[in-house]
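I am attaching a structure below and will ask some questions about it afterwards.
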Amino acid sequence: LPLLFLTAGYIQACRGLMISAVCLGFFGAIFGLVGMKCTKVGGSDQTKAKIACLAGLIFILSGLCSMTSCSLYANRITSEFFDPSFVAQKYELGAALFIGWAGASLCIIGGSIFCFSIAENSNSPRRGYAYNGATSVMSSRTKVHNSVPDKTPPKHFDKNAYV
């Protein structure tokens with residue numbers, strides 16, 4: 001009976017780590033959306049940069065929780081598989097573990113990129129571009145047709161005739 005509780009303990013730990021990884025990923029996505037420069041929520045650019053960096057850290061933490069859960073489960077499976085005294089049904093590493101490792105790696109890499117991209121943008125000041133206005137409303141094709149004294153409209157209309 002104690003062996004049953006011992007084996008269920010690591011499954012419960014893996015389940016708890018995966019649930020916390022999903023919850024952290026959800027909150028990381030919310031903070032990431034608020035921290036983007038293209039949204040109007042979140043305040044100034046410095047505040048948005050801090051929120052986005054927090055989102056990156058939450059994504060890294062989510063990836064670490066998921067990676068720990070997959071690795072703990074895989075360690076248990078491989079230790080039972082290679083144990084000659086283990087007589088119960090033996091399992092092998094399946095596709096779900098590899099997908100979990102890949103997802104955790106992407107979460108960690110994405111969170112790191114999120115943090116580094118915000119740090120890069122905060123060092124350089126944002127440049128504004130002045131609008132000089134349109135130089136001309138007539139295209140080069142229209143100028144050529146209008147320079148001819150002929151008043152008849154052109155018979156062939158192509159994409160430059162409307163510009």
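Numbering of residues begins at 1 and proceeds along the displayed sequence. Heavy-atom basis, side chains included; hydrogens, waters and symmetry copies ignored.
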* To do: State whether the number of non-hydrogen atoms from other residues, nucleotides or ligands found under 6.0 Å of F98 atom CZ is greater than 12.
  =>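 Enclosed.
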* Any pair with a residue in residues 97-106 that passes side chain to side chain donor-acceptor pair (under 3.5 Å), sequence neighbours left out, goes on the list, sorted by first then second residue, please. =>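 Listed by first then second residue: S71-W101.
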* Determine whether L54 and F114 fall in the same hydrophobic cluster, where Ile, Leu, Val, Met, Phe, Trp and Tyr are linked whenever their side-chain heavy atoms lie under 4.5 Å apart. =>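 No, L54 does not connect to F114 through the hydrophobic network.
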* Joint hydrophobic cluster, L72 plus M67, side-chain heavy atoms closer than 4.5 Å ->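 No.
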* Asked: Taking all non-hydrogen atoms of both residues, which atom of K48 and which atom of M36 are closest, and how far apart?
  ->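 Result for this residue pair: NZ-O, 3.0 Å.
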* Hey, are the side chains of M18 and S66 touching, using non-hydrogen atoms and a 4.5 Å cut-off? ->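 In short, these two side chains touch, coming nearer than 4.5 Å.
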* Asked: With no hydrogens and no angle check, is any side-chain donor or acceptor of K50 less than 3.5 Å from a backbone partner on G35?
  ->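 No: the side chain of K50 does not pair with the backbone of G35.
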* Taking every non-hydrogen atom, the tightest pair across L93 and A74 ->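 So the minimum-distance heavy-atom pair works out to CD2-CB, 3.7 Å.
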* Taking S62 for the side chain and I58 for the main chain, is one N or O donor matched with an acceptor at less than 3.5 Å? ->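 Looks like no, no N/O pair under 3.5 Å.
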* Quick one: closest heavy-atom pair of T47 and S44, and the distance? =>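 Residues T47 and S44, closest heavy atoms: OG1-OG, 3.1 Å.
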* Asked: If you look at every heavy atom in L64 and T68, which pair is closest and at what distance?
  ->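 Taking every non-hydrogen atom into account, O-OG1, 2.7 Å.
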* Asked: In the single-linkage hydrophobic clustering (I, L, V, M, F, W, Y; side-chain heavy atoms under 4.5 Å), do I51 and I60 co-cluster?
  ->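 Hydrophobic grouping puts I51 apart from I60.
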* Mind jotting down which residue pairs meet the ring-ring contact (aromatic ring centres under 6.0 Å, His included) criterion with at least one end in residues 27-75? Sequence neighbours excluded, please. =>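 For residues 27-75, and leaving out neighbouring residues, the ring-ring contact (aromatic ring centres under 6.0 Å, His included) pairs sorted by first residue read Y10-Y73.
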* Hey, what do you get for CG (D83) to OG1 (T78), rounding to the nearest 0.5 Å? ->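 Between atom CG of D83 and atom OG1 of T78 there are 11.0 Å.
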* To do: Measure across S20 and C65 and return the closest heavy-atom pair with its distance rounded to 0.1 Å.
  =>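 It is OG-SG, 3.8 Å.
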* Asked: If you take all heavy atoms of C107 and G63, which pair is closest and at what distance?
  ->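 Looking at all heavy atoms of both residues, the shortest contact is CB-CA, 3.9 Å.
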